[in-house]
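Every heavy atom of this structure was used, including side-chain atoms; hydrogens, water molecules and symmetry mates were not. Being a predicted model, the structure only gives us computed values, none of them experimental. The chains referred to below are lettered A, B, ... by the order of the sequence lines, with proteins before strands, and numbering in each begins at 1.
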Amino acid sequence: MIDIQLLRSNLDAVSARLATRGYRLERDAFLELEAERKRVQSETQALQSSRNAYAKKIGQAKAKGEDVGPLMAEASAANARLGDLEKALERVQQRLQGFLAVIPNPPHESVPTGKSPDDNVEQRRWGMPRSFDFPAKDHVDVGEGLGMLDFATATKIAGARFSVMTGGIARLHRAIAQFMLDVHTREHGYTEVYVPYLVNAQSMYGTGQLPKFEQDLFMVPRGEEKWYLIPTAEVPVTNIVRDEIVPLERLPLKFVCHTPCFRSEAGSYGKDTRGMIRQHQFDKVELVQVTQPEASYRALEELTGHAETILKKLELPYRVVTLCTGDMGAASAKTYDIEVWLPAQNTYREISSCSNFEAYQARRMQARFRNAKGKVELAHTLNGSGLAVGRTLVAILENYQNQDGSVSVPSALRAYLNGQEKISRA
RNA sequence: GGAGAGAUGGCCGAGCGGCUUAAGGCGCACGCUUGGAAAGCGUGUAUACGUUAACAGCGUAUCGAGGGUUCGAAUCCCUCUCUCUCCGCCA
């Protein structure tokens, strides 16, 4: 959530900044809402104050044995409007809250201005795309050729955008996740966590998926309540610090978490319909950090580097791009995408997205820490895929395929497959 | 799913309609004391929102959550959530 103080003090500047990401801030609506809030709140608090004073007076008078009849009548009259006012305050605060909740995060000053992915800025490339001396197949053909990837069966069981993996590919998929967890815990200092895959609406609100992006989620009704399948481990993991005040010495918090992710992909019909690139269910190893504000941009660089390490160890060519203002997720202040080389598509495709949310999520979650002066302050939250397991599998199948239809196992993963060097048709 | 017991500040724990602006203790911070420490003594010790230049002061709210009764609710009533104990079922 945006800082309301910022809107009050710098409305024009914030409005201009938000416009760079294609968001039109309704200035007048805000000013009106604020004026209304101020009026109702002042009046309500004044009446509450008077109510408290009357109650105290009556109590004291009663203790002395005085007749409190007239006082009570007076209090009753004075309090007559309070109930309505309190309800009105509640309503106006909810409207204000609703207004604020859908405003995206103003981008960090270092973020390039732009409208579409075309305006993203490449930062660096690593690795040389391999040149094939045979026609490179895409991962679907590689996987189906091995008899270990089956979309038709998945469609029968569930529907479109699911997959069934068997044998060597299922095992490779598992190995990838294990490998990532091990690297991040052993080499990068993250603590592994296991979390719920169903979360309540409050958690979804905290990280910013709700109220605006409900159509992207799978919702599970539960009586009057709603549960949601997590679209990323970011949601449960970041919400660990919701409504918490973390002692300074525990920062930064660094969590790594392997979960399935569930996305409805509403509105992406016809996009990446082939293969495992865009599924309703996929596995991901997620990195989450909670830091002091001063440390968050350094942490973003580090976290991005941690994700890159995986690709380097797997010897998969990639590039890093800075998302432009128009292409970033609403909650993010700055995002780096890491894109892996997919030979069959002859292009780089997103395999990780690393973002600094600054205090945007923390404000929604009331995730705070106690600073050196002992004062409570909002933390900064960050996360990044480290990496998307399904897409990593895709990258390996495509980049490590051999002419005979087999797939070589990247050397970093062999230890996880009992030394196996190659996946061949059984 | 059934029966019962609970939920109070960082922690323990009293309060069960008005001198509670939540007792008392522990912890923590600072001060006094001391050669230094402990003990002792004293002072302080929540969060959110508003107002504001102010993380100064003042106001409002918060005793699991929501609603109700009342001039006044931690305290009474209703609904819900969660925790614990026992039974049932279960990977």
What's the gap between [N] and [M] when it is taken at their [atom1] atoms, as a whole Å value?
N: B/rC12; M: B/rG68; atom1: P; result: 32 Å
N: B/rU69; M: B/rA54; atom1: P; result: 39 Å
N: B/rA7; M: B/rG64; atom1: P; result: 8 Å
N: B/rG25; M: B/rU45; atom1: P; result: 15 Å
N: B/rA73; M: B/rC63; atom1: P; result: 11 Å
N: B/rU8; M: B/rU83; atom1: P; result: 14 Å
N: B/rU47; M: B/rG36; atom1: C1'; result: 39 Å
N: B/rG9; M: B/rA23; atom1: P; result: 13 Å

Rounded to whole angstrom units, what separation is found between the [atom1] atom of [X] and the [atom2] atom of [N]?
X: A/Glu86; N: B/rG72; atom1: CD; atom2: C1'; answer: 13 Å
X: A/Lys375; N: B/rU45; atom1: NZ; atom2: P; answer: 11 Å
X: A/Asp243; N: B/rA48; atom1: CG; atom2: P; answer: 11 Å
X: A/Glu244; N: B/rU47; atom1: CD; atom2: P; answer: 14 Å
X: A/Glu90; N: B/rG66; atom1: CD; atom2: C1'; answer: 11 Å
X: A/Gln202; N: B/rG64; atom1: CD; atom2: P; answer: 17 Å
X: A/Arg364; N: B/rA48; atom1: CZ; atom2: C1'; answer: 18 Å
X: A/Gln60; N: B/rC19; atom1: CD; atom2: P; answer: 9 Å

Phosphate OP1/OP2 of [N]: any [X] side-chain N/O under 4.0 Å:
X: A/Arg8; N: B/rU52; answer: no
X: A/Arg51; N: B/rG18; answer: no
X: A/Lys38; N: B/rU51; answer: yes
X: A/Gln5; N: B/rG50; answer: yes
X: A/Arg370; N: B/rU47; answer: yes
X: A/Asn52; N: B/rU60; answer: yes
X: A/Ser49; N: B/rU60; answer: yes

Does [X] pair with [Y] as a salt bridge, N-O distance under 4.0 Å?
X: A/Lys226; Y: A/Glu214; value: yes
X: A/Arg37; Y: A/Glu34; value: yes
X: A/Arg298; Y: A/Glu301; value: no
X: A/Arg161; Y: A/Asp272; value: no
X: A/Glu244; Y: A/Arg250; value: no

Nearest to the side chain of A/Ala75, heavy atoms from C-beta on, is which of B/rG59, B/rU51, B/rC71?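 Closest nucleotide to the A/Ala75 side chain: B/rC71.
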
Where the side chain of A/Val376 is defined as all heavy atoms beyond and including C-beta, which of B/rC71, B/rU47, B/rU60 is the nearest nucleotide?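 Among the listed nucleotides, the one closest to the side chain of A/Val376 is B/rU47.
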
Tell me if the side-chain of A/Lys56 makes a donor-acceptor pair with the base of B/rG18, cut-off 3.5 Å, by modelled atom types.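 When only heavy-atom distances are counted, A/Lys56 does not reach the base of B/rG18 through any donor-acceptor pair under 3.5 Å.
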
Compare all side-chain heavy atoms of A/Tyr190 with those of A/Gln289 and state whether any distance is below 4.5 angstrom.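 A side-chain contact under 4.5 Å exists here.
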
Please report whether the ring centroid of A/His280 lies less than 6.0 Å from that of A/Phe218.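 So the answer is yes for these two rings.
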
Position toward the 5' end of RNA chain B (nearest nucleotide), A/Leu71 or A/Glu377: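 Its nearest nucleotide being more 5', the pick is A/Glu377.
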
Which comes earlier along RNA chain B counting from the 5' end, the contact point of A/Lys87 or that of A/Ile58, where each point is its nearest nucleotide?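 Nearer the 5' end of the strand: A/Lys87.
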
Determine yes or no for a side-chain-to-main-chain donor-acceptor pair under 3.5 angstrom, with A/Thr309 supplying the side chain and A/Gly305 the backbone.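 Yes, the answer is positive, given that a donor and an acceptor are paired below the 3.5 Å cut-off.
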
Considering only distance and modelled atom types, tabulate donor-acceptor pairs under 3.5 Å from the side chains of residues 413-425 of chain A, sequence neighbours left out.
unit_1, atom_1, unit_2, atom_2, d
A/Arg414, NE, A/Val409, O, 2.9
A/Arg414, NH2, A/Val409, O, 3.0
A/Tyr416, OH, A/Asp182, OD2, 2.7
A/Gln420, OE1, A/Arg171, NH2, 3.4
A/Gln420, NE2, A/Lys422, O, 2.9
A/Arg425, NH1, A/Gly145, O, 2.5

Duplex segments of RNA chain B, taken as runs of at least three Watson-Crick or G-U pairs that stay under 3.5 Å: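 If one scans RNA chain B for consecutive Watson-Crick or G-U pairs, the stems found are B:1-7 with B:81-87, B:10-12 with B:24-26, B:27-32 with B:40-45, B:46-51 with B:57-62, B:64-68 with B:76-80.
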
